[in-house]
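Below is one structure, written out as structure tokens; the observations come after it.
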Number of protein chains: 2
Amino acid sequence: MSGPRFEPVRTVRAYERIVEQVEQAIESGALSPGQRLPSERDLMGQFSVSRSTVREALRVLQARGLVRSRPGDPNGAEVLPFSSDALQKSMASLARVEGLSLGELVQFRMVLDGSANLLAARLRTAGQLAEMEAAIERMRAAVTEGYDAFSAADVAFHDAVARASGNKLIQICVEVVRSIVLGLVADRLADAPDREALMRRSIRHHEEVLAAVRDGDGPLAARLARQTMYDYYAGYVPAAERPALRALLDQPPTVPE
Amino acid sequence: MSGPRFEPVRTVRAYERIVEQVEQAIESGALSPGQRLPSERDLMGQFSVSRSTVREALRVLQARGLVRSRPGDPNGAEVLPFSSDALQKSMASLARVEGLSLGELVQFRMVLDGSANLLAARLRTAGQLAEMEAAIERMRAAVTEGYDAFSAADVAFHDAVARASGNKLIQICVEVVRSIVLGLVADRLADAPDREALMRRSIRHHEEVLAAVRDGDGPLAARLARQTMYDYYAGYVPAAERPALRALLDQPPTVPE
DNA sequence: CGTAGCCTACTGGTCCGACCAGTGCACTAG
DNA sequence: CTAGTGCACTGGTCGGACCAGTAGGCTACG
């Protein structure tokens with residue numbers, strides 16, 4: 001009874017085919033970052049389409065963060081190294097459109113950072129450990145230099161941990177979510193009246209986390225990292241959302257009430 | 001000496017201005033999902049640009065998953081509800097370009113799913129619990145129906161847990177990463193010789209997870225969820241990557257060797 | 001009177017040709 | 001040999017044109 005199964009014909013736009021081809025060329029390595037695409041006028045010849053179509057394809061590729069074009073450049077569009085920009089953009093727009101709360105973002109960071117520390121404690125190399133130490137050292141120095149330097153060193157520490165986790169996806173997500181969170185609270189953090197005390201406490205917490213990572217105690221490192229994150233941001237999270245964050249804290253078995 | 005500080009002029013392309021305006025209109029709620037944009041020919045009047053420029057802007061908006069246009073539609077482009085499509089696309093392209101391994105993806109799922117269960121155990125409502133039970137029930141029924149039905153029910157269970165976590169970001173990331181992983185191993189899972197045994201074991205694991213969630217034992221639920229994920233996928237992960245996955249398993253304090 | 005079918009007025013997709021403002025490089029004049 | 005100029009490109013924008021769809025009104029037939 002069932003003859004040949006016909007599939008609904010998906011009408012494919014010309015510019016989509018171009019996007020596909022270029023995308024595949026990049027993913028397959030035929031085009032590597034830094035290389036240039038032919039000029040739009042060349043491409044219209046190669047693809048046998050008009051320049052408008054080529055341009056629409058390039059717009060899509062550009063929106064996805066794969067290429068960049070600059071007017072007047074004697075070469076064509078430049079193939080970009082992967083950057084999490086596109087990822088970050090869609091996640092940031094998600095944060096606005098879906099109405100992600102600061103609480104959810106911080107909670108997600110607690111999850112990611114905790115896991116990163118857990119993994120880092122078991123997989124870190126000596127060099128990565130040194131990076132973390134150096135970052136904390138810079139945090140200490142930055143207490144007197146001001147918030148920006150401190151924040152940069154703080155970021156460097158968390159990045160080092162994320163790298164040590166050995167999971168690029170964790171690394172990227174940590175980066176993306178952190179930049180969104182910082183964008184939301186940076187001004188408030190910078191203006192905190194008791195800023196210096198905050199910094200010193202944060203440094204102490206980071207030292208504890210580092211010690212756990214050095215000792216290879218993953219669960220402890222994870223717990224401390226979550227606690228550190230909570231302490232640092234809880235004040236900016238609406239009280240109603242804090243219980244959900246604390247649900248991530250009392251990790252070891254279950255703490256009886 | 002320093003006169004008025006001149007900022008470098010950032011030349012803004014016309015189509016970018018259009019993207020900005022429409023994007024903002026959507027984020028501010030002035031345009032809500034389901035509504036239609038004016039036709040391209042209308043827009044070129046409203047923005048005082050040519051149709052090419054309007055179209056390039058629409059391409060970008062479309063690439064970001066904000067609108068969709070269909071030829072022949074008597075209305076203009078449709079404003080889409082947020083979907084994780086764009087997010088998924090950039091993450092999928094990331095997976096290819098950055099060469100994310102299956103191991104890293106599964107590891108990330110273990111992290112997310114574990115955390116989702118931890119949170120769900122403490123925050124789930126009775127209704128969400130019922131959803132999870134229903135999903136497992138469908139998994140049982142699907143053992144005889146085949147892999148597709150089973151997989152769909154499995155997905156429904158994990159989605160229910162993610163929803164119960166109360167964190168939309170976790171929910172979305174779970175969805176995105178899962179679809180990438182399934183895309184990589186779906187055929188191998190479907191063709192597994194001992195498929196039925198696999199399914200039954202998976203159901204038993206899910207039941208244990210559900211029990212822990214029902215009892216409100218977050219850490220246990222998280223540990224079981226990670227273990228379930230590991231058991232289900234470890235066979236498809238290269239042996240060299242498995243130790244990194246197992247680093248997420250022996251969670252409770254630390255298991256002495 | 002009801003409906004099946006056509007016709008029209010739209011839509012987006014594609015093409016073409018043109019012009020502008022930048023950029024880099026070769027060539028030239030000092 | 002160097003400083004300056006011009007040319008030959010680039011991408012960005014414009015306007016007009018045509019096509020293939022779609023939806024909905026209109027007509028003509030039953």
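Source: prediction; values computed, not measured. Here is how names work: the chains are called A, B, and so on, in the same order as the sequence lines, proteins then strands, and each is numbered from 1.
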Handout entry: Whichever of B:Asn75 and A:Val54 has its nearest DNA chain C nucleotide further upstream toward 5'
Key =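 Counting from the 5' end, the first nearest nucleotide belongs to B:Asn75.
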Donor-acceptor pair present, [X] side chain and [N] base, under 3.5 Å:
| X | N | answer |
| --- | --- | --- |
| B:Arg70 | D:dG21 | no |
| B:Arg41 | C:dG12 | yes |
| B:Arg68 | C:dG12 | no |
| A:Arg51 | D:dT13 | yes |

Choosing from [options], which nucleotide comes nearest the side chain of [X]?
| X | options | answer |
| --- | --- | --- |
| A:Ser52 | C:dC15, C:dG12, D:dG11 | C:dC15 |
| B:Ala14 | C:dG12, D:dG11, D:dT13 | D:dT13 |
| A:Pro74 | C:dG24, D:dC14, C:dT14 | C:dG24 |
| B:Glu40 | C:dG13, D:dG12, C:dT14 | C:dG13 |

Handout entry: N-O pairing of B:Arg178 and B:Asp159 below 4.0 Å
Key =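 Between B:Asp159 and B:Arg178 there is a salt bridge, with a charged N closer than 4.0 Å to a carboxylate O.
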Handout entry: Check ion pair B:Glu56-B:Arg59 (N to O, under 4.0 angstrom)
Key =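 No, this pair does not count.
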Exercise for the section: Give one of base, sugar-phosphate or nothing for B:Arg59, where a contact means two heavy atoms less than 4.0 Å apart. Expected result: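 The residue B:Arg59 makes sugar-phosphate contact but no base contact.
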Exercise for the section: Could you check whether A:Thr53 gets within reach of a base, just the sugar-phosphate, or nothing at all, counting any heavy atom under 4.0 Å? Expected result: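 Answer is sugar-phosphate: A:Thr53 comes under 4.0 Å of backbone atoms only.
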Practice task
Count the heavy atoms belonging to other residues, nucleotides or ligands that lie under 6.0 Å from CD of B:Gln24, then report whether that count exceeds 12.
Solution key: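 Open.
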Practice task
Figure out the CZ/P separation between A:Arg13 and D:dC19, and round it to whole Å.
Solution key: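 Rounded to the whole Å, the gap is 20 Å.
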Problem - Rounded distance in Å - CD (B:Glu56) to P (D:dC14) - result: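 Value for this atom pair: 10 Å.
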